[in-house]
Participant: 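Structure provided below as structure tokens; questions to follow.
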Amino acid sequence: MPSDLDGGVLTRRGEKTTLDGAGRRRVAGTAVLLLALVGALVLTMSAGHPAERASLIRWYALSWALFGAAVWTLRKVPARQAVFLVVAGAVAVTATGLLAPPTTSTDSYRYVWDGRVQAAGVSPYAYAPADPALLPLRDRWLFPEGADCDFPYRYAVHSGPAARTCTLINRPDVHTIYPPLAELYFLVVHRLAPEDGRYEPFQVGGALLAFGTSLVLLATVRRRAADRSVDRGAWWVACWAWCPAVPLEAVNNAHVDILGVLLTVAAMALLSRHKVRGGLLLGAATAVKFVPALALPGALSGLLATRGPSVRRRALGALAVVGPAVLVVALAYLPYVLASRASVLGYLFGYLNEEGYDDTGTGGARYALLRLVLPGAAALPAALVLLAVAAVLVLRRGDVARPWRGALVVTGVAFLLFTPGYPWYALLVVALVAFDGRWEWLGIPPAGAAAYLGVHEHAGTAAYAVAALAVVAGSVVRARRACPALSLPERS
């Protein structure tokens, strides 16, 4: 009976598709690497105490190495088995984040507090957690009285009872920084959580959102896949579903960024077919965290192209995206503006100053790559100009049918220019990579982790430099594949 071999799949006419020996070895090899990745992540989560930071860094670095190897081997796994491995791996990898308390961040404790404050009928923007007006809402879990405030992840409260009071909430003397849909999420989780729930409900919420993102990505790339027998989209999705940053930052540390990522992914999936709906989702993502606003130029890819639809038609298309996005952000802020005694921007500008984003000197970890070649005072203007150039290029030459590609370019460039020290911001980069497999941008999340975990004074700068080199190398390889004439001639 006639048969043929394709990617390790042995097909026979009239019979069910089966794997040959090579196919089984590929599946088994990927499964072994995936299990090793899960094990390394379990050990990463178990090293949550600050005294075990070196151990955490080692296991987390190993997790990234195993992740890269597992995704690489998945490329040759046949479509049906690849999809199964991606989904099963997504469940296992995501679940590792639920095994321990928050490992490297205390942000989820602020989420718990903001949800509690809103449930009491108070705007979270009206008072700082340390404000005596909110004393009735304090409990011994978030505000342990008489505790040693010098202990890691505890912060002194300078108002309230006579006894020395600490809190698990970082920056307790400043107003919340989170946008309104993030605050709405905190309230919803508080309402759904059991009475004795602490950070765990937010971890569960992060796990559901992370897995939901995997499913949306998988549905999107499989719908676009032209060849169903070797579905390359499956390994693209693994770039998100198996990424070590997802269980650590979205689940274990429960960062609300994951909600913004899911909304952005859904927006990118819809934009080429439903601009208004895509614009609404992108606006909602921006009202969760401001980082998804970097995806807007990608959503408007080709707007300034010299050829194509008429100027009027392109302007209407842009309005169909931008208008709903702006409307969602405005409506989300409105009830909090009416209910708050203070600015709904909270500690935003203080945060930007604290993190060095407005720094014009020569120190600080922001603009680290630019500071290698430019005077400190020139770093911020240069970053803004280069980011604008990237956005214009996407608006002129971006692929209208692939808005996520332009979104990845602008978002990734922004990270390389501003070099943020918080790795959870880069969850958006990981999700955008998963749309079409531009793996070279995956160096950005570990670069942020190197800067955040403080392995070495210059570790963040070095890691971001490596990430930038990977992006350049990947771009050159893709350009040569797309246009073989660009390749150097062989020597005779």
Participant: Should we say atom CZ of R273 is surrounded by more than 12 heavy atoms from elsewhere, each under 6.0 Å from it?
Facilitator: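 Yes - once you tally the heavy atoms of other residues, nucleotides and ligands closer than 6.0 Å, there are more than 12.
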Participant: Of all heavy-atom pairs between A431 and V265, which one has the smallest distance, and what is that distance?
Facilitator: CB-CG2, 3.7 Å
Participant: Which heavy atom of G260 sits nearest a heavy atom of A285, and at what distance?
Facilitator: O-CB, 3.5 Å
Participant: Taking A70's backbone N and O only, do any of them form a donor-acceptor pair with T73's side chain (distance below 3.5 Å, no angle check)?
Facilitator: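 Pair found, side chain donor or acceptor close to backbone of A70.
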Participant: Output all residues satisfying ring pair (Phe, Tyr, Trp, His ring centres under 6.0 Å) with H255, sequence neighbours left out; order by chain, then residue number.
Facilitator: W424
Participant: Please step through side chain to side chain contact (heavy atoms under 4.5 Å, CB included) for the pair L85 and W242, ending with a clear verdict.
Facilitator: CA-CA 10 Å; L85 285 172; W242 300 354; 4.2 Å; yes
Participant: Between R371 (side chain only) and R366 (backbone N and O only), is there a donor and an acceptor less than 3.5 Å apart?
Facilitator: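 Yes; at least one donor-acceptor contact below 3.5 Å.
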Participant: Does the side chain of R110 come within less than 4.5 Å of P129's, by heavy atoms?
Facilitator: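 Yes, close enough: below the 4.5 Å cut-off.
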Participant: Of the options I258, D107, L427, which is the one that meets E249 in a side chain to side chain contact (heavy atoms under 4.5 Å, CB included)?
Facilitator: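 That would be L427; it is the only one of I258, D107, L427 passing the side chain to side chain contact (heavy atoms under 4.5 Å, CB included) with E249.
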Participant: Heavy-atom distance under 4.5 Å between the side chains of L300 and V322, does that happen here?
Facilitator: yes
Participant: Report the C-alpha separation of T104 and N253 in whole Å, then their side-chain angles, then the decisive distance to 0.1 Å, and conclude whether the side chain to side chain contact (heavy atoms under 4.5 Å, CB included) test is met.
Facilitator: CA-CA 7 Å; T104 59; N253 290 325; 2.8 Å; yes
Participant: Can you tell me how the ring of W404 sits relative to the ring of F435, calling it parallel under 30°, perpendicular over 60° and tilted otherwise?
Facilitator: parallel
Participant: Are L34 and V93 side-chain neighbours, meaning at least one heavy-atom pair lies under 4.5 Å?
Facilitator: yes
Participant: Are any of the side-chain heavy atoms of L296 and T286 separated by less than 4.5 Å?
Facilitator: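 The answer is no; the side chains never approach within 4.5 Å.
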Participant: State, yes or no, whether a side-chain contact exists between Y464 and L417 at a heavy-atom distance under 4.5 Å.
Facilitator: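 SC-SC contact between Y464 and L417 ruled out.
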Participant: Using only atom types and a distance under 3.5 Å, with no angle test, would you say the side chain of N252 pairs donor to acceptor with the backbone of A100?
Facilitator: yes
Participant: So does W64 have more than 12 non-hydrogen atoms from other groups sitting under 6.0 Å from CH2?
Facilitator: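 Atom CH2 in W64 is crowded, with more than 12 foreign heavy atoms closer than 6.0 Å.
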Participant: Considering all heavy atoms of both residues, which atom of G421 and which atom of A451 are nearest to each other, and what is their separation?
Facilitator: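 Heavy atoms of G421 and A451 come nearest at CA-CB, 4.1 Å.
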Participant: How long is the gap from CG on L181 to CG on L331, to the nearest 0.5 Å?
Facilitator: 10.0 Å
Participant: Could you tell me the separation between the OG atom of S108 and the CZ atom of F202, rounded to the nearest 0.5 Å?
Facilitator: 8.0 Å
Participant: Any heavy-atom pair between the side chains of E183 and Q118 that's under 4.5 Å?
Facilitator: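 A side-chain contact exists here, since the closest heavy-atom pair is under 4.5 Å.
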Participant: When you compare the side chain of W72 with that of L33, does any pair of heavy atoms fall below 4.5 Å?
Facilitator: no
Participant: Side chain to side chain contact (heavy atoms under 4.5 Å, CB included), that's the test. Do L370 and T419 meet it? Break it down for me.
Facilitator: CA-CA 9 Å; L370 291 176; T419 59; over 6 Å; no
Participant: Applying salt bridge (charged side-chain N to carboxylate O under 4.0 Å, His left out), can you list everything that pairs with R277, at least two apart in sequence or on another chain?
Facilitator: none
Participant: Taking the six-membered ring where the residue is Trp, are the ring centres of Y178 and Y111 under 6.0 Å apart?
Facilitator: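 Yes, ring centres under 6.0 Å apart.
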Participant: Under a 3.5 Å distance rule, please check whether W240 uses its side chain to pair with a backbone N or O of A210 as donor and acceptor.
Facilitator: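 Yes, W240 side chain to A210 backbone: donor-acceptor pair under 3.5 Å.
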Participant: Side chain to side chain contact (heavy atoms under 4.5 Å, CB included) between W113 and F186: does it pass, once the steps are laid out?
Facilitator: CA-CA 9 Å; W113 177 253; F186 304 156; over 6 Å; no
Participant: Does the side chain of H175 reach to within under 4.5 Å of the side chain of L345, using non-hydrogen atoms?
Facilitator: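 With C-beta onward as the side chain, the pair stays apart.
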Participant: Just how far is it from atom CG of L263 to atom CG of L428, taken to the nearest 0.5 Å?
Facilitator: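 That separation rounds to 11.0 Å.
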Participant: What distance do L209 atom CG and T94 atom OG1 have between them, rounded to the nearest 0.5 Å?
Facilitator: 11.0 Å
Participant: On a heavy-atom basis, which atom in P297 and which in A293 lie closest, and how many Å separate them?
Facilitator: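 Scanning both residues completely, I find the closest heavy atoms to be CD-O, 4.1 Å.
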